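Chain A is the first sequence line, chain B the second, and so forth, proteins listed ahead of strands; every chain is numbered from 1. Here the structure is a predicted model, which is why all the values come from computation and not from measurement. The analysis underlying the following values was restricted to heavy atoms, covering all of them including side chains, and did not include hydrogens, waters or symmetry mates.
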Number of protein chains: 2
Amino acid sequence: MSPRRVPVSRRDRPAKALLSREGLVATALRIMHDEGLERVTMRRLASELDTGPASLYVYVRNTAELHGALLDELLLGLELPAEAVAAGRPKGSVERWREGLVELLCGYTALLLGHPSLARSVLTLRPSGPNYLRLIEALLGLLRAGGVPERQAAWGVDLLLQHATATAAEQGTRDESVDADGEIHTQAMAIREATGDEYPNIGLVRDELFSGTGEQRLRWMFAALIEGVATTATPA
Amino acid sequence: MSPRRVPVSRRDRPAKALLSREGLVATALRIMHDEGLERVTMRRLASELDTGPASLYVYVRNTAELHGALLDELLLGLELPAEAVAAGRPKGSVERWREGLVELLCGYTALLLGHPSLARSVLTLRPSGPNYLRLIEALLGLLRAGGVPERQAAWGVDLLLQHATATAAEQGTRDESVDADGEIHTQAMAIREATGDEYPNIGLVRDELFSGTGEQRLRWMFAALIEGVATTATPA
DNA sequence: ACCTGAACACCGTTCAAGT
DNA sequence: ACCTGAACACCGTTCAAGT
């Protein structure tokens with residue numbers, strides 16, 4: 001029907017920015033910041049880049065890989081504490097490494113808390129980007145600075161990162177998605193209604209189950225994790 | 001066109017089992033066991049129950065709530081260790097409570113490892129079913145039996161359950177979904193290729209990052225968690 | 001080679017309308 | 001009241017075909 005020869009796009013669009021992995025990730029990052037990760041779909045991304053969804057599969061294997069790239073981009077903004085840079089060589093006040101660890105882990109958690117659905121994705125991702133490796137490197141450095149044995153340090157990094165990611169993923173749904181916020185109330189109510197008859201221990205510590213701020217609990221959890229990692233011997 | 005008066009269904013179908021929340025959950029449970037949670041969709045459930053998807057919303061608020069019900073049904077099959085039942089009163093050999101905790105947590109993890117995508121869902125769920133409360137009750141009982149202070153015990157339950165759930169969720173994708181198994185290899189390769197130049201600490205403990213069996217690492221992680229919870233003081 | 005239109009095979013949730 | 005057909009507004013991924 002309508003003539004298809006008019007090359008309007010040539011003048012209308014800003015040069016159509018040739019597709020590339022970098023362009024893809026940059027656009028995805030922008031959408032994530034503006035509208036949240038759930039809006040970053042292959043179809044949305046494609047239409048944003050003036051193409052069909054199939055074209056994206058030239059640059060990323062699948063959605064999971066795209067999410068991995070987004071995480072690494074985000075990690076660029078995570079500054080490593082000074083203690084982690086001069087790794088392996090303990091200096092300054094004793095136990096400084098613990099503070100450095102908590103700081104770094106809180107930073108990583110805060111980063112993910114800004115994008116909780118990314119955290120959910122990362123939890124099943126085994127990230128492999130250079131900036132994630134830097135993070136592992138820094139955590140290992142701090143643990144070694146604290147004199148934590150090699151195997152405990154190696155396994156500990158897993159434990160610490162998993163906890164940070166899971167915490168962000170868990171908090172996630174609460175403020176972002178519409179539906180899930182009913183569930184906290186439902187659980188809180190269930191716990192408050194749990195009779196000391198059927199659930200004596202819940203009855204005894206009921207208030208403590210809800211005590212503390214998120215920040216307090218998070219810092220305590222990291223401290224407990226670090227303590228456990230530092231003092232629990234691995235098998236064999 | 002075709003006459004709609006023939007009540008064939010009356011003879012063909014097994015009485016069409018009136019809709020109910022229990023029936024819904026039972027059907028969902030069956031599909032989950034046979035084909036995995038990703039097949040348990042509202043539409044699939046509806047067609048299985050000979051109705052439209054809209055009808056299900058009379059019995060569950062949304063998918064998240066349905067998943068919560070599935071978890072609680074699953075937890076029916078989790079047996080609590082004897083130590084947890086006679087809670088609060090330490091008896092038998094000292095430190096028996098630690099074994100009980102590890103056992104219970106491993107049991108819970110194993111349960112979820114059988115349905116990793118349910119674990120992913122549970123992580124953002126704050127479950128509130130009676131059987132989940134029983135689990136909280138048992139964990140609290142064991143921690144109290146170990147003389148762990150109230151606040152540490154309360155906050156610790158959160159930490160322990162989150163770790164168990166996150167572990168199952170993480171393992172999850174690996175064997176279940178098709179795509180994600182590439183990522184472990186990708187990460188492993190990235191770590192193996194990380195030069196000791198750029199990543200000295202990774203270079204030093206490289207082998208330990210991959211050492212141990214899943215079972216060994218899980219038990220060590222729970223032991224470390226428990227140790228940290230038991231010995232780390234909460235603020236204020 | 002690099003790219004993509006069109007299709008395949010699905011989703012959760014809502015709401016006006018029926019019984 | 002209780003229930004539901006039909007629609008709304010989407011998904012990820014593949015593959016044959018084009019340039």
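Taking a cutoff of 4.0 Å between a charged side-chain nitrogen and a carboxylate oxygen, B:E170 and B:R120 do not qualify as a salt bridge. Using a 4.0 Å cut-off between charged side-chain N and carboxylate O, B:R206 and B:E193 make no salt bridge.
Among residues two or more places apart in sequence or in another chain, the side-chain hydrogen bond (donor to acceptor under 3.5 Å, both in side chains) test is passed with B:R39 by none. With sequence neighbours left out, the salt bridge (charged side-chain N to carboxylate O under 4.0 Å, His left out) criterion links A:E215 to A:R219. A search for side-chain hydrogen bond (donor to acceptor under 3.5 Å, both in side chains) contacts involving A:T41 returns nothing, not counting sequence neighbours. Partners of A:A188 according to the side chain to side chain contact (heavy atoms under 4.5 Å, CB included) rule, which considers only residues two or more places apart in sequence or in another chain, are A:R192, A:F210. In this view, A:R217 and B:D158 satisfy the salt bridge (charged side-chain N to carboxylate O under 4.0 Å, His left out) rule, not counting sequence neighbours. With sequence neighbours excluded, no residue forms a salt bridge (charged side-chain N to carboxylate O under 4.0 Å, His left out) with B:R43. Partners of A:R151 by side chain to side chain contact (heavy atoms under 4.5 Å, CB included), not counting sequence neighbours, listed by chain and number: A:W155, A:T234, B:E208, B:S211. With sequence neighbours excluded, the residues that form a side-chain hydrogen bond (donor to acceptor under 3.5 Å, both in side chains) with A:H163 are A:T167, B:Q162. The side-chain hydrogen bond (donor to acceptor under 3.5 Å, both in side chains) check on A:N131 picks up A:D72, A:R134, with sequence neighbours excluded.
Regarding B:L56, its CG atom lies at a distance of 12 Å from the P atom of C:dC11, rounded to whole Å. When rounded to the nearest whole Å, the span between CD1 of A:I31 and P of D:dC11 equals 10 Å. Nucleotide D:dC3 holds its C1' atom 16 Å from the CG atom of B:L45, rounded to whole Å. When the P atom of C:dT13 is taken as reference, atom CD of B:E65 falls 11 Å away, rounded to whole Å. The interatomic distance linking B:D50 (CG) with D:dT4 (C1') rounds to 13 Å, in whole Å. If you measure from atom CG of A:L24 to atom C1' of C:dC3, you get 13 Å, rounded to the nearest angstrom. The CD atom of A:E38 sits 14 Å away from the C1' atom of D:dC11 (whole-angstrom rounding). Regarding A:N62, its CG atom lies at a distance of 5 Å from the P atom of D:dT13, rounded to whole Å.
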Give me, pair by pair, the N or O atoms of the protein and of nucleotides 17-19 of chain D that are less than 3.5 Å apart, along with how far apart they are.
none

Short heteroatom pairs, N/O only, protein and nucleotides 5-10 of chain D, under 3.5 Å:
| residue | atom | partner | partner atom | Å |
| --- | --- | --- | --- | --- |
| D:dA7 | N6 | B:R43 | NH2 | 3.4 |

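Nearest nucleotide to the A:L19 side chain, out of C:dT4, D:dT13, C:dT14: C:dT4.
Only the P atoms considered, D:dC10 is 23 Å distant from C:dA9, to the nearest whole Å. D:dC8 and C:dC8 have their P atoms separated by 22 Å, with the value rounded to a whole Å.
A 4.5 Å side-chain heavy-atom check between B:V229 and A:W220 finds at least one atom pair inside the cut-off.
Helical stems of DNA chain C (runs of at least 3 Watson-Crick or G-U pairs, donor-acceptor distances under 3.5 Å) are listed by first residue: C:4-8 with D:12-16, C:12-16 with D:4-8.
Between B:Y59 and D:dC3, a side-chain N or O to OP1/OP2 separation shorter than 4.0 Å is present.
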